[in-house]
Amino acid sequence: MKNIGILTSGGDAPGMNAVIRASVRAALYKGIKVYGIRRGYEGLIDGDVIEMNASSVGDIIQRGGTILGTSRSERFMTEEGFQKALNVLEVFDIDQLVVLGGDGTMKGALKLSEHGIAVACLPLTIDNDMGYTDYTIGFFTAVDTVTEAISRIRDTTESHGRANIVEVMGRNCGDIALYAGLAAGAESIIVPEHPFDMDSIAKKAIEGKNRGKRHHIIILAEGAGDAEDIKTHFEELTGIVTRVTVLGYIQRGGSPSVVDRILGSNMGVAAVEALSAGKKAVAIGYNDGKFNEMPLVEAVNVKKVYRDNLEDILTITSI
Ligand code: F6P
């Protein structure tokens with residue numbers, strides 16, 4: 001067994017530093033030299049590699065973002081870039097990688113595994129759009145952030161008797177909207193997983209208004225439609241003054257929640273354990289209350305299942 005490398009790739013997610021800290025210290029605990037690869041696959045191609053020690057990851061478990069930096073790398077998709085990446089790994093005698101990122105990152109890691117690099121992948125993204133694990137790391141912190149933002153938006157919406165279309169991230173997955181909608185008590189959510197019926201959303205708001213309700217919060221997952229178009233249509237149907245709030249990149253930042261720190265610490269250690277046990281290409285997940293390993297080639301193809309039952313609960317409890 002040679003040296004271990006660790007890299008973070010794709011959109012950053014709260015909890016990345018908890019994972020980096022756990023993986024680095026687990027490797028050192030086993031007497032394995034560990035290198036941090038900066039800026040994801042871009043930094044790998046550039047040879048932007050630093051040796052890590054216990055102090056390298058001191059006082060970071062509570063920090064958002066990633067101390068290693070990240071990137072979205074077009075170059076890694078080219079033969080030339082990929083070959084450069086393999087050459088850098090050879091120069092540093094790295095034959096095992098802990099890879100943190102979303103589905104695109106994992107597909108890149110799978111390609112490295114086909115060229116002799118053992119990889120252990122961890123699901124780091126706020127989107128919760130990876131079907132092989134119940135939760136991705138970063139997701140619950142993002143839901144906390146959105147839930148807090150919605151409670152602030154409700155204050156001003158209530159004061160003015162308005163509605164607010166709150167657009168959240170998630171790419172083509174509606175889980176941030178779904179979980180934050182449930183947690184924040186939003187009146188309606190609009191998600192890409194199924195078509196939405198603006199007439200019934202409007203009817204619910206009018207009924208609420210007629211009962212004296214003075215706020216109407218509709219959470220829009222970014223992949224499900226255009227916030228301004230939905231705002232205009234909703235106003236036309238209800239006569240309720242409506243504003244739009246696009247939460248944007250605050251959903252990616254912030255100190256990771258306790259849940260994401262615990263998920264991240266467990267998975268960071270599990271990744272090093274898997275590599276030390278000789279695994280070649282695995283994804284570490286969290287399912288039904290347990291941490292588990294899955295062959296990477298299977299994990300990247302598991303379809304995400306939308307939790308309709310949670311949306312039913314939201315519908316029942318928000319009138
Ligand atoms: O995948 C995480 C994510 O935040 C998505 O929810 C969002 O659509 C995307 O990244 C934004 O990408 P970028 O950071 O490249 O603008």
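One-based numbering along the sequence shown. In each ligand, atom 1 is the first atom listed, and ligand 1 is the first ligand listed. Everything numeric in this text was worked out from a predicted model, so none of it was measured.
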Using atom types as modelled, flag every donor-acceptor pair under 3.5 Å from a side chain in residues 139-148 to any protein atom, sequence neighbours excluded.
residue, atom, partner, partner atom, Å
Thr141, OG1, Ser257, N, 2.8
Thr141, OG1, Ser257, OG, 3.3
Thr141, OG1, Asp260, OD2, 2.6
Thr145, OG1, Thr141, O, 3.0
Thr147, OG1, Val143, O, 2.7
Glu148, OE2, Arg152, NE, 2.6
Glu148, OE2, Arg152, NH2, 2.9

Please tabulate, one pair per line, all N/O donor-acceptor pairs under 3.5 Å involving side-chain atoms of residues 1-14, not counting sequence neighbours.
residue, atom, partner, partner atom, Å
Asn3, ND2, Phe92, O, 3.0
Asn3, ND2, Asp93, O, 3.3
Thr8, OG1, Thr66, OG1, 2.9
Thr8, OG1, Gly69, O, 2.7
Ser9, OG, Thr105, OG1, 3.0
Asp12, OD1, Arg252, NE, 2.8
Asp12, OD1, Arg252, NH2, 3.1

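- The residues lining ligand 1, counting any heavy atom closer than 4.0 Å, are Arg72, Thr125, Ile126, Asp127, Met169, Gly170, Arg171, Glu222, Tyr249, Arg252.
- Between the Tyr132 side chain and the Pro295 main chain, no donor and acceptor come within less than 3.5 Å of each other.
- There is a side-chain donor-acceptor pair under 3.5 Å between Asn53 and Ser56.
- Paired with Ile284 under the rule side chain to side chain contact (heavy atoms under 4.5 Å, CB included), one option of Glu273, Lys279, Glu293 passes, and it is Glu293.
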Throw together a table of side-chain donor-acceptor distances under 3.5 angstrom for residues 43-50, partners on residues two or more places apart or in other chains.
residue, atom, partner, partner atom, Å
Asp46, OD1, Arg75, NH1, 3.3
Asp46, OD1, Arg75, NH2, 2.6
Asp46, OD2, Arg39, NH1, 3.3
Asp46, OD2, Arg39, NH2, 3.0
Asp46, OD2, Arg75, NH2, 3.2
Asp48, OD1, Arg38, NH1, 3.2
Asp48, OD2, Arg39, NE, 3.1
Asp48, OD2, Arg39, NH2, 3.3

